[in-house]
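Notes to accompany the following structure.
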There are 2 protein chains.
Amino acid sequence: MTEPGRRVRRTPEEARRLILDTAEALIARTGPEGLRLQDIAAAAGISHPLILHHFGSRAGLVRALTQRAAEELKDRLLAAMTQPEYSTGEGIDRVFEAFRGGLAQRLAWLAMEHRDAQRGKPPGPGPQAGVDGDAETASILRQIADVLHARRLAAAPPGQAPLREDTVWLVHLVAAVAFGDAIYGEQLRRSAGIADEEEGARRFRQWLAALLRDHGDGGQPPVG
Amino acid sequence: MTEPGRRVRRTPEEARRLILDTAEALIARTGPEGLRLQDIAAAAGISHPLILHHFGSRAGLVRALTQRAAEELKDRLLAAMTQPEYSTGEGIDRVFEAFRGGLAQRLAWLAMEHRDAQRGKPPGPGPQAGVDGDAETASILRQIADVLHARRLAAAPPGQAPLREDTVWLVHLVAAVAFGDAIYGEQLRRSAGIADEEEGARRFRQWLAALLRDHGDGGQPPVG
DNA sequence: CATTATGTTGACAGAATTGTCAATAGGTAT
DNA sequence: ATACCTATTGACAATTCTGTCAACATAATG
């Protein structure tokens, strides 16, 4: 089957993508303890020195994962929150979906690991100013708030224009609750005595959508 | 100074408490990578086999930490959410404070680590029915919702009694957003262009308190 | 004071992890 | 074809981590 001397040779970009994809899947599935070079290599069908070759060190891999997670969050959240149906139930659903597939876990893990990595660094100004990945996250909520606020201004009755700060906190709220829900929502729901997890999660999203619609329209009761 | 043969001898409860306290502090400070028996032992001023002696294995220690974190969450949330001033700004503040000191990080980490531990276990019914720590979390939101709902019913004008489900989701929302905020709030705020983190966090809590007061009272605009 | 029970520790074993290095092999250019 | 570049790998090194074990020390009990 596998003749000796049969190697796959990828472009550096392909190799990096393969490694990052596999690492992401592992983090999502096996939790924080699951980022071992050998495991990643085994799951990707490569040898672990290849990871070192492409990322320099384990820390380099973590840095790349952080950047990628931030980028992914930006893409998904922007897509979910700036579409026309946002603030209807479907819009909220899409925001919650944005954190699925382990992205929330990855972000939480990286946020913690990141504080770790910063510890011990000399406080002097490093080669690049911001923290790694900051360039990606830097303006994500700001961009979303921009789009959303323009829409709210257009939709608001004259004399009742919402403050921009209100829109920012609205976006912040949805992002934070979706994040918290992705990580701890299931256990919260169980602790509230909700039996059907799938159904419970759905109803919570609907309730939240109604709450926000209510707030955004200035007091109109939800339809249902 | 330290004569040879000078040992501290604790009661098992004291020893366990010392170890758990130290481990919690380490998790909060050094992130997920920081739970090494030797580190805990060094920080606690003991030798690492003592941890194995009291908890059997590293997994046993994690189990104990999980139970303790759940208990702590229950205590803090109950205290924060069932006091009279809840749903005012101060009440919300206290809920957010409940997750401070690394509790949110610990819960997130343990939630992930836990899925890890479950993986590999045979799907058949184990010796104890529930997952470890579930006995502690089992009813926390339910208890809070009970207290809160009674108060809402008493305060509501006749004919406008809120549904119990509404109260449950209210509690769920606050818990989820406080959780998400504790872990990723700072980065969200930075990505929204908020300069002063302390001040930004405070204003968000105030805004959220106003939103909830608005919802709970049935449409009254907030004071500010 | 002798005995028992057990909290506590140092030393060691085994496994696993990151990182290094020389050698191999798949493309590409000359 | 030949030469060159570099993606890829197997084997090895060094460190570190969990877990074991016999020995020691401390408190309680007779």
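As the structure is a prediction and not an experimental result, all values here were calculated from the model. Quick note on labels: first sequence line is chain A, next is B, and so on, each numbered from 1.
A 6.0 Å sphere centred on CZ of A/Arg164 holds more than 12 heavy atoms belonging to other residues, nucleotides or ligands.
Taking the six-membered ring where tryptophan is involved, the planes of A/Phe204 and B/Trp169 are tilted, since the angle between them lies from 30° to 60°.
For the pair A/Glu14 CD and D/dA7 P, the computed distance is 12 Å after rounding to whole Å. B/Ile19 places its CD1 atom 11 Å from the C1' atom of C/dT8, with the value rounded to the nearest Å. If you measure from atom CD of A/Glu13 to atom P of D/dT6, you get 13 Å, rounded to the nearest angstrom.
A salt bridge does not link A/Arg76 with A/Glu97: none of the charged nitrogens is closer than 4.0 Å to a carboxylate oxygen. Looking at A/Arg203 and A/Asp196, no side-chain N of the basic residue comes within less than 4.0 Å of a carboxylate O on the acidic one, giving no salt bridge. Look at B/Glu197 and B/Arg190 and you find no salt bridge, because none of the NZ, NE, NH1 or NH2 atoms lies under 4.0 Å from a carboxylate O.
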- prompt: Can you check side-chain contact (heavy atoms from CB on, under 4.5 Å) on A/Phe96 and A/Leu208, steps first, answer last?
  reply: CA-CA 11 Å; A/Phe96 274 69; A/Leu208 178 62; 3.9 Å; yes

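Annotation: of the two residues near DNA chain D, B/Arg9 and A/His54, the 5′-most nearest-nucleotide partner is A/His54.
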- line: B/S/- along nucleotides 9-19 of chain C (protein heavy atoms under 4.0 Å) is BBB-----BBB

